[in-house]
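Residue numbers start at 1 and run along the sequence shown. This one's a predicted model, so the numbers in the text were calculated from it and none came from an experiment.
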Amino acid sequence: MSTRAMRRRVPWILGGSIVTVALIAAAIVWFLIPRGSPEDQALAYLRALADGDVAAVAATGLDVPETTASAFADAGDRLSDGAVESSTTDGSTATVVVSFELAGARHESTLTLSQRDGRWVPNAASALGSAQFTVPITIVDTAMPPDRASLLPAVYDVNAAPVEFLDGSATIEVLPGRTQEVEIDAILRPEAADAAQAQLDDYLETCTKPAAAAPSSCGIAIPWAADFSAVSEIRYRIEQAPVVSLTASAFQADGGVLVATVTGTAFDGSAKTLSYRSTDWSVRGDVTFTADDIVLSVW
């Protein structure tokens, strides 16, 4: 091959290499640019909320807890007319101010988005709202965490739980990035006293099992020290269990009758057995609720 022929082919070879490098560089640039703008992703999130589409919410990359998704399916009202008001981008973080209609009013919220896997993803702290309740609550059939519940923006009807024992409800508006405290004025249903009495009866049965000493937190005080130098066993007979009266936060049980038969050693060293009868046996303590039960904690 002549030198002239080689010179004529070199530009083609170099040119082909340059084109290949350019294409590779373009491909790299394309994959590094997040798909969709922050504004597009913010609007996609608002549209998913308006449609009540949990799958579309998750498709934005937002992590949605199972209870949050279940509650959202039973939301009473959803937002509409979402719009982007302004946005700023600083490296891998974007801030988008959005507006929308909810419960007949126009609201503005600020969404923060971060780059993740080549796209802009809403941050949960700005996209979700949260509520703290004074009692456990349910949204239709979804039991929510009692301390702080994360919720997708919408209007929710919440009920005090357990509904078998508590009567109380509220309607709340959940907005992106905001936390609210919700006080529910819960009223005890008659079934609560019945359940509390049954629970206390079971507790007192445990308290009155034979033992060498009187149990604590059972309301039992036996004046055996005046009659015995030592006690080997105490047996109990419940003639009347204390009757419970309660509020949403405390209980008192009075009117119990308890017989305690003590066996031990008299001061002269002989074996001795005596029975003591209390006609004012009482206990008291705190009342709390889980999503499906009442809980007594005896002092």
Side-chain angles (χ1 to χ4, degrees), residues 34-36 38-84 94 96 98-105 107-164 166 168-182 184 289-293:
R35 301 189 298 276
E39 296 88 343
D40 291 338
Q41 285 294 87
L43 286 175
Y45 177 60
L46 294 182
R47 282 194 297 270
L49 294 176
D51 293 339
D53 190 340
V54 174
V57 171
T60 66
L62 181 67
D63 294 327
V64 183
E66 183 178 349
T67 54
T68 302
S70 178
F72 184 61
D74 293 315
D77 191 16
R78 297 187 174 89
L79 61 81
S80 60
D81 298 328
V84 170
V96 181
V98 298
S99 64
F100 51 87
E101 294 279 341
L102 183 62
H107 301 273
E108 277 197 3
S109 295
T110 301
L111 298 179
T112 303
L113 298 92
S114 301
Q115 289 184 19
R116 187 193 307 167
D117 299 328
R119 62 175 175 170
W120 293 100
V121 176
N123 293 342
S126 66
L128 298 175
S130 63
Q132 295 175 304
F133 301 94
T134 53
V135 295
I137 64 102
T138 59
I139 299 175
V140 186
D141 294 326
T142 303
M144 302 303 294
D147 49 355
R148 182 171 180 171
S150 295
L151 295 164
L152 287 164
V155 175
Y156 297 89
D157 295 322
V158 301
N159 294 288
V163 295
E164 295 86 353
L166 293 175
S169 61
T171 299
I172 61 172
E173 298 176 19
V174 177
L175 301 175
R178 301 187 191 179
T179 297
Q180 58 184 303
E181 294 184 0
V182 182
I184 297 179
F289 294 90
T290 65
D292 57 6
D293 204 0

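- Test Leu151, Thr67, Thr68 against Ile139 for side-chain contact (heavy atoms from CB on, under 4.5 Å) and you get one pass: Leu151.
- By the 4.5 Å heavy-atom criterion applied to side chains, Leu128 and Leu62 are counted as neighbours.
- One side chain, Thr179 or Arg148, offers a donor N or O that lies under 3.5 Å from an acceptor on the other.
- Inter-residue side-chain proximity for Val155 and Leu102 is flagged as met; some heavy-atom pair is nearer than 4.5 Å.
- Defined by atom type and a distance below 3.5 Å, a donor-acceptor pair is present between the side-chain atoms of Thr171 and Asp157.
- With values rounded to the nearest 0.5 angstrom, Arg119 atom CZ is found 11.0 Å from Leu113 atom CG.
- The closest donor-acceptor contact from the side chain of Thr138 to the backbone of Asp141 lies at 3.5 Å or more, if one exists at all.
- For the pair Phe289/Leu166, a side-chain contact is recorded, criterion being any heavy-atom separation below 4.5 Å from C-beta on.
- Pairing each heavy atom of Ala291 with each of Ala161, the nearest pair is O-CB, 3.8 Å.
- Under the side-chain hydrogen bond (donor to acceptor under 3.5 Å, both in side chains) criterion, Ser126 pairs with no residue, sequence neighbours left out.
- Using a 4.5 Å heavy-atom threshold, the side chains of His107 and Glu173 count as touching.
- Annotation for Ala160 and Val163: closest pair O-CG1, 3.5 Å, computed over non-hydrogen atoms.
- Between Leu152 and Tyr45 there is a side-chain heavy-atom pair separated by less than 4.5 Å.
- Within the 4.5 Å cutoff, the side chain of Gln180 has heavy atoms near those of the Val174 side chain.
- Of all heavy-atom pairs between Leu111 and Ala42, the closest is CD1-CB, 4.0 Å.
- No donor-acceptor pair under 3.5 Å is formed between the side chain of Arg78 and the backbone N or O of Pro153.
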Between side-chain atoms of residues 47-58 and protein atoms elsewhere (two or more places apart, or another chain), which donor-acceptor pairs fall under 3.5 Å?
residue	atom	partner	partner atom	Å
Asp53	OD1	Ala55	N	3.1
Asp53	OD1	Ala56	N	3.0

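- Looking only at side-chain heavy atoms (C-beta outward), Val121 and Ser114 stay at 4.5 Å or farther from each other.
- For the pair Asn159 and Ile137, the minimum side-chain heavy-atom distance is 4.5 Å or more.
- Applying the side-chain hydrogen bond (donor to acceptor under 3.5 Å, both in side chains) criterion to Ser169, with sequence neighbours excluded, gives no partner residue.
- Distance alone, capped at 3.5 Å, is enough to place a donor-acceptor pair between the Gln41 side chain and the Trp120 backbone.
- Taking all atoms of both residues into account, the shortest heavy-atom contact from Gly82 to Phe100 is CA-CB, 4.2 Å.
- Rounding to the nearest 0.5 Å places OG1 of Thr110 at 8.5 Å from CZ of Arg178.
- Considering CE of Met144 and OH of Tyr156, their distance stands at 7.5 Å, rounded to 0.5 Å.
- The CG atom of Leu79 sits 10.5 Å away from atom OG of Ser99, with the distance rounded to the nearest 0.5 Å.
- Side chain of Thr134 to backbone of Ile184: a donor-acceptor contact under 3.5 angstrom is found.
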